[in-house]
Amino acid sequence: MRIVFLGLSLSSSWGNGHASTYRSLLKGLHESGHDVLFLEREQPWYASNRDLPVPGFCDFQVYQSCAELDRYHEAVTLADAVIIGSYVPDGLAVIEWVDKHRRGLLCFYDIDTPITVQGLAGDSVAYLTPRLIPWFDLYLSFTGGPTLRILRDVYHARRAVPLYCSVDPALYHPTGAAKRWDLGYLGTYSPDRQDALDRLLLEPARRLPERRFVVAGPQYPADIAWPDNVERIEHLSPSEHAAFYSSSNWTLNVTRRDMISSGYSPSVRLFEATACGVPVLSDQWPGIEDVLTPAHDLLVVNDTAEVIEALAFPDDRRVAIGSAGRARTLRNHTGRQRAEELIRHLAAARF
């Protein structure tokens, strides 16, 4: 298939989770023999932090404005499907422009579904409106479960299906790095995750001063009181992620409140860490058992005491959880598998 994506960012993973999702999916499409063009709107904060300026698995182009999209009208017209992502700048204008020029399927890939649905109810989404949702032949959602019924029944999505994030196993795998930390966390600062991070990592660090912890990611406020045994890393490029994960005995997964409320919203970090064979401690959210089995592929923790208990597990039990999580992720959650899901959804939407 010929597929055109218009997404927030492919070239820069700085401060966003979209790039990792697109990279894994598009590489999977390339490996399956599909022809992909990705169009990214130039943004100064991404332009100055490009960690993949020349993707080897697709045609990548940067445009400066909606008017400049006219350069790509032929590619859009000839495409079997055009997929527009959430948070694309001037998203409403982009959707209308694509619909004017396309002959193939018009699709929306919502990498922020809980935020989108909440915003639609309050008329506060800059990249989508209820009026436009029925235009799409296919609404691909980062969130499954009951949210899909809301998209269909309330907003009249013609075909709403889940398309979760995924992982590239060529990049995320055990590296054999020496263990430096007992528990690590990788994620951009988010106010609605901070309470959980404090409960599930910072408080265990305060109570276990002999243990080592690490938090990696940008945009954390300067006034956070980090315990002395918590190392801070401001930013890691994707090429450093596997070594980072492999250097921890456990990795923490913390979910945003809106995604906990909606459920069925696995994060890309969950699959990255498990692909590296590192056992994961995760907060609880509806649908987690559909992607990884608690107490087998990962551990669900609700409070500080449960984290401290997990950190005391014998090595063989910890390693077994990491191995099971890696096996499940490689079986069900790689970019190649997600690309195959996408192609099946596109084929179904054509009939």
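Basis for what follows: all heavy atoms, side chains included, without hydrogens, waters or symmetry-related copies. Just so it is clear, the model here is predicted, and its values are computed rather than measured.
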Is it the case that over 12 heavy atoms from other parts of the model lie below 6.0 angstrom from the [atom1] atom of [X]?
| X | atom1 | answer |
| --- | --- | --- |
| Arg336 | CZ | yes |
| Gln64 | CD | yes |
| Asp228 | CG | no |
| Gln118 | CD | no |
| Arg103 | CZ | no |
| Arg232 | CZ | yes |

Would you compute the distance between atom [atom1] of [X] and atom [atom2] of [Y] and round it to the nearest 0.5 angstrom?
| X | Y | atom1 | atom2 | result |
| --- | --- | --- | --- | --- |
| Thr274 | Leu330 | OG1 | CG | 8.0 Å |
| Leu197 | Leu252 | CG | CG | 6.5 Å |
| Asn249 | Arg318 | CG | CZ | 4.0 Å |
| Leu138 | Leu163 | CG | CG | 8.5 Å |
| Leu299 | Leu292 | CG | CG | 11.5 Å |
| Gln194 | Ile224 | CD | CD1 | 4.0 Å |

- Task: Establish, yes or no, whether a centroid distance under 6.0 Å links the rings of Phe38 and Tyr22.
- Result: yes
Quick one: are [X] and [Y] in side-chain contact, heavy atoms under 4.5 Å?
| X | Y | result |
| --- | --- | --- |
| Ile233 | Glu240 | no |
| Met259 | Trp285 | no |
| Leu140 | Val161 | yes |
| His73 | Leu69 | no |
| Arg71 | Tyr63 | no |
| Arg269 | Tyr185 | no |
| Trp250 | Ile321 | yes |
| Leu29 | Phe5 | yes |

- Task: Describe, in one word, how the ring planes of Tyr127 and Phe108 are oriented to each other, choosing from parallel (under 30°), tilted (30 to 60°) and perpendicular (over 60°).
- Result: parallel
- Query: Using 30° and 60° as the class limits, which term best fits the ring planes of His101 and Trp97: parallel, tilted or perpendicular?
  - Reply: tilted
- Message: Would His241 and Tyr172 count as a side chain to side chain donor-acceptor pair (under 3.5 Å) here? Give the steps.
- Response: CA-CA 7 Å; His241 286 184; Tyr172 292 90; 2.8 Å; yes
Is it true that [X] and [Y] have a side-chain N and a carboxylate O under 4.0 angstrom from each other?
| X | Y | value |
| --- | --- | --- |
| Asp137 | Arg158 | yes |
| Glu96 | Lys100 | no |
| Asp192 | Arg257 | no |

- side-chain hydrogen bond (donor to acceptor under 3.5 Å, both in side chains) filter on Arg159, not counting sequence neighbours, yields none
- Query: If two hydrophobic side chains count as joined below 4.5 Å and joins carry through other members, does Ile150 share a cluster with Ile115?
  - Reply: yes
- Query: Within the distance-only criterion (no hydrogens, no angle test), does the side chain of Asn229 pair as donor or acceptor with the backbone N or O of Leu208 below 3.5 angstrom?
  - Reply: yes
- Message: Assess, by modelled atom type and distance only, whether the side chains of Ser9 and Asn16 contain a donor and an acceptor separated by less than 3.5 Å.
- Response: no
- Item | Donor on one side chain, acceptor on other, Thr293 and Arg328, under 3.5 Å | yes
- Message: Using the rule given for side chain to side chain donor-acceptor pair (under 3.5 Å), can you reason through Thr255 versus Asp283, listing the C-alpha separation, both sets of side-chain angles and the distance that settles it, and then say yes or no?
- Response: CA-CA 7 Å; Thr255 310; Asp283 50 6; 2.9 Å; yes
- Check against side chain to side chain contact (heavy atoms under 4.5 Å, CB included), Leu186 and Thr251: CA-CA 8 Å; Leu186 173 60; Thr251 286; over 6 Å; no
- Message: According to ring-ring contact (aromatic ring centres under 6.0 Å, His included), who are the partners of Tyr109, at least two apart in sequence or on a separate chain?
- Response: none
- Message: I'd like to check the ring-ring contact (aromatic ring centres under 6.0 Å, His included) partners of Trp45; sequence neighbours left out, ordered by chain and number.
- Response: none
- Item | side chain to side chain contact (heavy atoms under 4.5 Å, CB included) between Phe142 and Cys165, worked out | CA-CA 7 Å; Phe142 230 48; Cys165 54; 3.2 Å; yes
- Message: With side chain to side chain donor-acceptor pair (under 3.5 Å) as the criterion, how do Ser141 and Thr113 come out once you've worked through the C-alpha distance, each side chain's angles and the decisive distance to 0.1 Å?
- Response: CA-CA 6 Å; Ser141 171; Thr113 312; 2.9 Å; yes
- Message: Show, in sequence, the C-alpha distance, side-chain angles and deciding distance for Ile343 and Leu346, and conclude whether the side chain to side chain contact (heavy atoms under 4.5 Å, CB included) test is met.
- Response: CA-CA 5 Å; Ile343 296 303; Leu346 292 173; 4.3 Å; yes
- Check step by step if side chain to side chain contact (heavy atoms under 4.5 Å, CB included) holds for Thr329 and Asp297. CA-CA 9 Å; Thr329 292; Asp297 303 330; over 6 Å; no
- Message: Go through it in stages, so that I can follow the logic: the residues are Glu42 and Arg50, the test is salt bridge (charged side-chain N to carboxylate O under 4.0 Å, His left out), and I'd like the CA-CA distance, side-chain angles, deciding distance and then a yes or no.
- Response: CA-CA 11 Å; Glu42 183 78 301; Arg50 286 202 166 109; 2.6 Å; yes
- Could you point out which residue of Thr116, Ile133, Leu132 forms a side-chain contact (heavy atoms from CB on, under 4.5 Å) with Tyr155? Ile133
- Here the pair of heavy atoms bringing Ala324 nearest to His296 is CB-O, 3.3 Å
- Could you go step by step and tell me if Ser239 and Asp51 meet the side chain to side chain donor-acceptor pair (under 3.5 Å) rule? CA-CA 9 Å; Ser239 63; Asp51 44 36; over 6 Å; no
